[in-house]
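Here the structure is a predicted model, which means the values were calculated and not measured. Numbers here simply count residues along the sequence, with the first being 1.
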Amino acid sequence: VTGINDNLADGNQSYLIILAAASSGDSGYNGLDPTDITVINTDNDSAGFTISPISGNTTEDLGSATFTLALNSQPSDNVVIGISSADTSEGTVSPSSITFTAINWNAMQTITVAGVSDDLADGSQSYVIVMAAASSSDSNYNGLNPTDVTVINTDNNSADFDISSISGNTTELGGSATFTVRLNSQPTADVVIALSSSDSSEGAVSPASLTFT
């Protein structure tokens, strides 16, 4: 008796080897029915998920990364898994859900994660793509939760100043010149820069300070 493989996580299954009633010209044996044999076919499938590693980091320049997901066994009904980003200020995910059927259960489905830009010099930030518990009328999969996926969003900002060139020379007749200053990234608190002249007998500066919020 040789076991037959299926893709269902259906546990160990009992079945019968049926021995038919004997056929013979010997009246002692003709119609005599041997006892049927009970056999158990041991299951080699289990409900679960195969998730690939993330292909790389996302970036604040909207760079994306992908990972894939498939079921480990054939479900008896559709299996739906919701997908979301735990921090949409760092990354978004598409699609928002995937569905596996008895046909496509072992086909790897691709999930795309896109980085989101901000103006903060906050360094590379880790965030999580949340895989919701599966919803299915297949009791083996219903409520089974895939592992969440951790992603890093690479920062494209740095704390620094953008200072223009001076517009020209000042003159002893009171001629003035200007330049501009701004921050390269959004601060988390006010940034105050005091201004002064190294030689007040040659030039004066106004205002006395700049405040960036």
Side-chain angles (χ1 to χ4, degrees), residues 49-70 80-99 107-135 145-213:
F49 307 96
T50 297
I51 304 177
S52 73
I54 190 78
S55 63
N57 296 336
T58 60
T59 72
E60 289 193 355
D61 297 319
L62 308 183
S64 63
T66 60
F67 64 95
T68 58
L69 175 67
V80 180
I81 301 168
I83 308 168
S84 62
S85 171
D87 188 349
T88 54
S89 69
E90 292 294 342
T92 59
V93 64
S94 178
S96 59
S97 70
I98 53 177
T99 300
M108 301 296 284
Q109 296 200 42
T110 300
I111 296 96
T112 301
V113 186
V116 173
S117 181
D118 60 32
D119 295 316
L120 298 170
D122 54 358
S124 296
Q125 295 292 313
S126 175
Y127 62 104
V128 173
I129 300 303
V130 179
M131 313 294 288
S135 174
N145 201 341
T147 303
D148 296 336
V149 176
T150 299
V151 189
I152 293 175
N153 196 33
T154 304
D155 195 17
N156 65 352
N157 305 108
S158 60
D160 205 349
F161 306 100
D162 184 5
I163 304 175
S164 73
S165 301
I166 191 77
S167 63
N169 294 331
T170 58
T171 71
E172 291 190 352
L173 296 174
S176 63
T178 61
F179 64 95
T180 60
V181 181
R182 68 177 179 181
L183 306 187
N184 278 349
S185 62
Q186 183 180 12
T188 58
D190 289 358
V191 177
V192 180
I193 302 170
L195 305 177
S196 62
S197 171
S198 65
D199 188 344
S200 57
S201 68
E202 292 294 342
V205 64
S206 175
S209 67
L210 305 174
T211 299
F212 297 94
T213 65

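A distance-only check finds no donor-acceptor pair linking the side chain of Thr170 to the backbone of Gly175 [under 3.5 Å]. A donor-acceptor pair under 3.5 Å is absent between the side-chain atoms of Ser135 and the main chain of Val80, judged by distance alone. Using modelled atom types, one side-chain atom of Asp148 and one backbone atom of Met131 make a donor-acceptor pair closer than 3.5 Å. Proximity of a side-chain donor or acceptor of Gln109 to a complementary backbone N or O of Thr99 within less than 3.5 Å is detected. Side chain of Asp190 to main chain of Thr213: no donor-acceptor pair is present (N/O by atom type, distance under 3.5 Å, no hydrogens or angles). Within the 3.5 Å criterion, the main-chain N or O of Ala114 finds no donor-acceptor partner in the side chain of Thr58.
Here the side chains of Asp155 and Asp122 are in contact, with some heavy-atom distance below 4.5 Å. Using a 4.5 Å heavy-atom threshold, the side chains of Asp118 and Glu90 count as touching. Counting heavy atoms from C-beta outward, Asp162 and Val181 have side chains that stay 4.5 Å or more apart. Side-chain atoms of Val191 and Thr211, non-hydrogen and from C-beta on, never get closer than 4.5 Å to each other. Contact of the Ser126 side chain with the Thr150 side chain is registered, since non-hydrogen atoms from C-beta on lie closer than 4.5 Å. Contact check for Asn157 versus Glu60: side-chain heavy atoms found under the 4.5 Å cut-off. Side-chain contact between Ile129 and Phe67 is present, with heavy atoms from C-beta onward closer than 4.5 Å. Between Tyr127 and Val113 there is a side-chain heavy-atom pair separated by less than 4.5 Å.
Nearest heavy-atom pair, Ala70 versus Ala107, reported as atom, atom and distance to 0.1 Å: CB-O, 4.0 Å. In terms of heavy-atom proximity, Gly91 sits nearest to Ser85 at O-OG, 2.7 Å. Considering every non-hydrogen atom in both Ile111 and Pro95, the closest pair reads CA-CD, 4.4 Å. Scanning both residues, Ala121 and Ala159, for their nearest heavy atoms gives CB-N, 3.6 Å.
In this structure, the separation between OG on Ser96 and CD1 on Ile81 is 12.5 Å, given to the nearest 0.5 Å. Ser209 OG to Leu195 CG: the interatomic distance, rounded to the nearest 0.5 Å, is 7.0 Å. Summarising the geometry, atom CG belonging to Leu183 is positioned 6.5 Å from atom OG belonging to Ser185; distances are rounded to the nearest 0.5 Å. We find the CD1-CG distance between Ile51 and Leu69 to be 5.0 Å, quoted to the nearest 0.5 Å. Rounding to the nearest 0.5 Å places CZ of Phe161 at 13.5 Å from OG1 of Thr180.
For Ser55, the side chain to side chain contact (heavy atoms under 4.5 Å, CB included) partners at least two apart in sequence or on another chain are Ala65, Thr66. With sequence neighbours left out, the side-chain hydrogen bond (donor to acceptor under 3.5 Å, both in side chains) criterion links Asn169 to no other residue. For Val116, the side chain to side chain contact (heavy atoms under 4.5 Å, CB included) partners two or more places apart in sequence, or in a different chain, are Thr92.
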Test log, rule side-chain hydrogen bond (donor to acceptor under 3.5 Å, both in side chains), inputs Thr68 and Ser52: CA-CA 5 Å; Thr68 58; Ser52 73; 3.0 Å; yes
Residues Asp199, Ser201; criterion side-chain hydrogen bond (donor to acceptor under 3.5 Å, both in side chains); working and verdict: CA-CA 5 Å; Asp199 188 344; Ser201 68; 2.4 Å; yes
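A donor-acceptor pair shorter than 3.5 Å can be found between the side chains of Asn156 and Asp61. In the model, Ser158 has no side-chain atom that pairs as donor or acceptor with a side-chain atom of Asp160 under 3.5 Å. For the residue pair Asp87/Ser89, the side-chain donor-acceptor check at 3.5 Å is satisfied.
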